[in-house]
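Treat the numbers as computed from the prediction; the structure is a model and nothing was measured. In each ligand, atom 1 is the first atom listed, and ligand 1 is the first ligand listed.
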Amino acid sequence: MHNIEEFIRQPRIAYFSMEIGIKSDIPTYSGGLGVLAGDTIRSAADLELPVVGVTILTKKGYFRQEIDEEGNQIELPDEWDPSEYMTLLPQRISVFIEEREVLVGAWLYVVESITGGRVPILFLDTDFEENHEQDRGITHFLYGGDPEYRLKQEIVLGIGGVRMLDRVGFEIKKYHMNEGHSSFLTLELLKRYKRDIEEVWDEKLVWDADRVRSLCVFTTHTPVEAGHDRFSYDLVKKVLCDIVPIEVLKEFAGEDMLNMTLLALNLSDYVNGVAKMHREVSKNMFPGYEIHAITNGIHTYTWTHPQFRALFDRYLPGWANEPEIFVRVGKIPDEEIWATHMAAKKELIDFINETLQAGFSYEMLTIGFARRATAYKRADLLFSDIQRLLSIGEGKLQLVYAGKAHPKDTPGKELIKRIHQIARDLKGRINIVYLKNYNMDLALKIIAGVDIWLNTPQKPYEASGTSGMKAAQNGVINFSVLDGWWIEGHIEGYTGWSIGGEPGEPSDPQKEAEDLYRKLEQIIIPLYYENREKWIKIMKNSIGMIAYYFNSHRMMRRYVTEAYIR
Ligand SMILES: *Cc1c(COP(=O)(O)O)cnc(C)c1O
């Protein structure tokens, strides 16, 4: 059991995120955003940075995914017991929701690094007997319910989070909002630093927005207008009480709707997108704001398969806490890179054959595609022309899919069904499996165990993407549309392959599918079967050039020097 005292002695950066992915057994994340938050905190611990994480508990998780024979997704609550991993702190604060006082507690989880660094995370919880029945459920489901439920969660996260940090005794130097879900924290700070002026001739003067800005850092992750969290002011008036007058709120968060991104933009001194292209896209979406770019990274150790960890330990000691050491990947003999890859591949293929009797082969070129099942990720782009795919890949390809669709994302669920349908149709000609319940453990197993990592997002929807970085970390080659981070990591034929047109050019599905088939047929399949030496060269470039750079240690050092210490 951990004691909070040791963490409050030194001022800290508060890192707020609606989801934080600690590990598969703690289902408080849904996808890339949460895993990135977890990687951020893991790197902070390795680098011994004074950070404290703040999130909500989601005691029933996101959901556990089952899939029936037809490919219909079935969502089950993913209940878990926080007391197995965390300590409930004695402190309670309250927030007002619909004019009821809602009691909020916090569970302490401590991320511990082998370097000795430790980062505490507060998981906010409203499930207490003293609370009204409906308020007890506010922290049950991640991204569950309707806009009203979401608004309540965001009040607990933003306003409750700042109050809890204060109550526990933290001194906070900066508040970092990882996406707009937590931007209500700015309102609590506005209220806290309200000027005490006796006679105000201008009501606005009591709000010290500059002071709040000097404390806030905002990272946006959403490259499209419709993706930003918005609430109607009717709903806001009903639910959000006791904070700042509605006119003040409208000044910072928008006239017509409360836009959480706008609120964070207007009350942060430092704002960044999560890749260079995403910065450009964000600047066009929000003209007039200064927006920087800090490209995402992954936590090197977490996303390295145990077989590769052992290999790197032998040839590149110190790699886990100093990923720059991958610049010397050339020291590792080709045969050992290949043997290690084949060990990771065998593990995945054995798992597939044991769980699904799919008849997968160790030798066959294996393509992986796993991430949230949602329309813009276009999991079915590879199936644009099935006859063409068969003529190129029959007997030469096998495919591994996985991913959850949000319970309300009907098109995402249709994608899962469609892939199941195609898998049935092509069985024996091109074997395809869809593995259920995608989570962090399954992610590492799939990503490290395939030969090619495919990504076909519709541009410019992929703000960054991180799973391709995890692939490169394990010597798996990226084959992807030029969007998000890949624009920065891609050198054609050297670190992997692109699909479709230039960065920034809007997606043309037909052209992209054509390019995908052409490169598979003319470049990738021949290279895999006929030129192993060159293939391994690209695997090593993935490690030496991509893993070297796209890690969360580099990312955190940049947040420290560019955003936190200014
Ligand atoms: C890394 C990761 C993601 C992000 O994948 P993208 O392809 O970048 O969207 C999503 N879910 C899990 C479980 C992950 O580990």
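Contact atoms of ligand 1 toward Thr466: 1 (C), 4 (C), 8 (O) (distance under 4.0 Å to a heavy atom of the residue). Atoms of ligand 1 lying under 4.0 Å from any heavy atom of Ala443, numbered from 1 in the order shown and given with element: 15 (O). Close approach of ligand 1 to Gly465 is summarised as follows: ligand atoms under 4.0 Å from at least one heavy atom of the residue are 8 (O). Within ligand 1, counting atoms from 1 as listed, the ones closer than 4.0 Å to a heavy atom of Lys470 are 1 (C), 2 (C), 3 (C), 14 (C), 15 (O). The Gly31 neighbourhood of ligand 1 comprises atoms 10 (C), 11 (N), with distances under 4.0 Å to a heavy atom of that residue.
Contact annotation: for Asn439 versus ligand 1, heavy atoms closer than 4.0 Å belong to the backbone alone. Heavy atoms of Ser467 found under 4.0 angstrom from ligand 1 belong to the backbone as well as the side chain. The proximity of Trp303 to ligand 1, defined as any non-hydrogen pair under 4.0 Å, is limited to the side chain.
For the atom pair CZ of Arg518 and CD1 of Ile499, the computed distance is 11.5 Å after rounding to the nearest 0.5 Å. Note: Ser24 OG to Met440 CE = 6.0 Å, rounded to the nearest 0.5 Å.
Checking side-chain atoms of Tyr548 against main-chain N and O of Ser542 turns up no donor-acceptor pair under 3.5 Å.
Looking only at heavy atoms of the protein, atom 12 (C) of ligand 1 is closest to Tyr438 CE2, 3.7 Å. Atom 10 (C) of ligand 1 has its closest protein heavy atom at Gly32 N, 3.4 Å.
Close to ligand 1: Lys377, with a non-hydrogen atom less than 4.0 angstrom away.
At least one N/O-N/O distance between Arg371 and ligand 1 falls below 3.5 Å.
For Phe312 and Phe326, the ring centers sit closer than 6.0 Å to each other. Aromatic rings from Phe550 and Trp485 are positioned such that their centres are separated by under 6.0 Å.
Paired with Glu75 under the rule side chain to side chain donor-acceptor pair (under 3.5 Å), one option of Gln65, Arg64, His406, Lys413 passes, and it is Lys413. Partner Ile452 forms a side-chain contact (heavy atoms from CB on, under 4.5 Å) with one of Val476, Ile477, Leu397 and no other, that one being Ile477.
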Requested in this report: Given side chain to side chain contact (heavy atoms under 4.5 Å, CB included), test Asn478 with Met469 step by step and report yes or no.
Outcome: CA-CA 9 Å; Asn478 279 275; Met469 305 173 190; over 6 Å; no
